[in-house]
Amino acid sequence: MSVVEQYARAHIVSDADIAQDEAVPVVLRYDPETDPRSVRVGLPGPHEWTFSRALLEQGLRAPAGSGAVRVWPCGRVQAVLEFHSPQGVSVVQFEQKALLRFLRRTYMATAPVRG
């Protein structure tokens, strides 16, 4: 099993510390040996979130999550991830295809080897 790391571009639409008018680089990461049920999203600066891979998958179809992380589709081609912390809320908008490609790669990384 290998680590999956994918770079994507996203729009941060709230949180004064890191809000951007233009797309910013974001790192999507999955390490099946450390935590096979979780994914990580690294925003610019020290902002990194770890949450359930199942939540990301569910949120691409319909609003999902409660508490610190929420995910929902936004129109036909966008998805929104909302991160809550004591410092505030970050709302990050991605193209769905980038998140779908990442999820596909995570499942391939954990696929059993047939031989």
Side-chain angles (χ1 to χ4, degrees):
M1 294 188 274
S2 60
V3 173
V4 174
E5 191 169 271
Q6 179 176 311
Y7 294 88
R9 302 208 43 90
H11 288 276
I12 299 173
V13 294
S14 69
D15 195 294
D17 290 357
I18 56 176
Q20 302 284 329
D21 287 334
E22 57 192 48
V24 297
V26 175
V27 179
L28 306 170
R29 186 171 171 82
Y30 173 72
D31 186 346
E33 292 190 23
T34 301
D35 189 354
R37 293 187 175 157
S38 295
V39 294
R40 289 189 282 169
V41 175
L43 302 177
H47 308 279
E48 183 173 87
W49 293 86
T50 301
F51 58 96
S52 163
R53 178 171 63 167
L55 172 63
L56 179 59
E57 185 174 4
Q58 292 165 3
L60 293 177
R61 293 188 303 266
S66 61
V69 179
R70 299 172 187 166
V71 183
W72 68 89
C74 180
R76 300 177 88 189
V77 296
Q78 301 289 320
V80 172
L81 279 66
E82 183 178 279
F83 303 107
H84 294 254
S85 74
Q87 292 76 33
V89 177
S90 294
V91 178
V92 184
Q93 189 174 38
F94 287 86
E95 288 204 21
Q96 273 191 4
K97 66 182 176 181
L99 297 175
L100 288 168
R101 182 174 37 249
F102 172 68
L103 278 173
R104 211 171 14 255
R105 291 180 64 208
T106 70
Y107 285 111
M108 289 172 49
T110 56
V113 177
R114 298 176 193 252

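- Across all non-hydrogen atoms, the minimal contact from Trp49 to Ser85 is CH2-CB, 3.7 Å.
- Looking only at side-chain heavy atoms (C-beta outward), Arg53 and Arg37 stay at 4.5 Å or farther from each other.
- Rounding to the nearest 0.5 angstrom, the gap separating the CZ atom in Arg40 from the CG atom in Asp31 is 6.5 Å.
- The line from CD of Glu57 to CZ of Arg104 is 11.5 Å long, rounded to the nearest 0.5 Å.
- Interatomic distance, Arg101 CZ to Thr106 OG1, rounded to the nearest 0.5 Å: 13.0 Å.
- Asp35 approaches Ser38 most closely through the heavy-atom pair OD2-OG, 2.8 Å.
- Nearest heavy-atom pair, Val39 versus Ser52, reported as atom, atom and distance to 0.1 Å: CG2-O, 4.4 Å.
- Here the closest non-hydrogen pair linking Ala109 and Val4 is CB-CG2, 3.6 Å.
- A donor-acceptor pair under 3.5 Å is formed between the side chain of Arg9 and the backbone N or O of Ala23.
- Counting heavy atoms from C-beta outward, Leu28 and Leu99 have side chains that approach closer than 4.5 Å.
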Output side-chain donor-acceptor pairs under 3.5 Å for residues 72-83, partner residues at least two apart or in another chain, one line each.
{"from": "Glu82", "atom 1": "OE2", "to": "His84", "atom 2": "NE2", "distance (Å)": "2.6"}

side-chain contact (heavy atoms from CB on, under 4.5 Å) evaluation trace for Leu60 with Leu103:
CA-CA 11 Å; Leu60 293 177; Leu103 278 173; 3.7 Å; yes
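- Val71 places none of its side-chain heavy atoms less than 4.5 Å from the side chain of Gln58.
- Contact annotation: the side chain of Leu56 never approaches that of Tyr30 to less than 4.5 Å [non-hydrogen atoms, C-beta and beyond].
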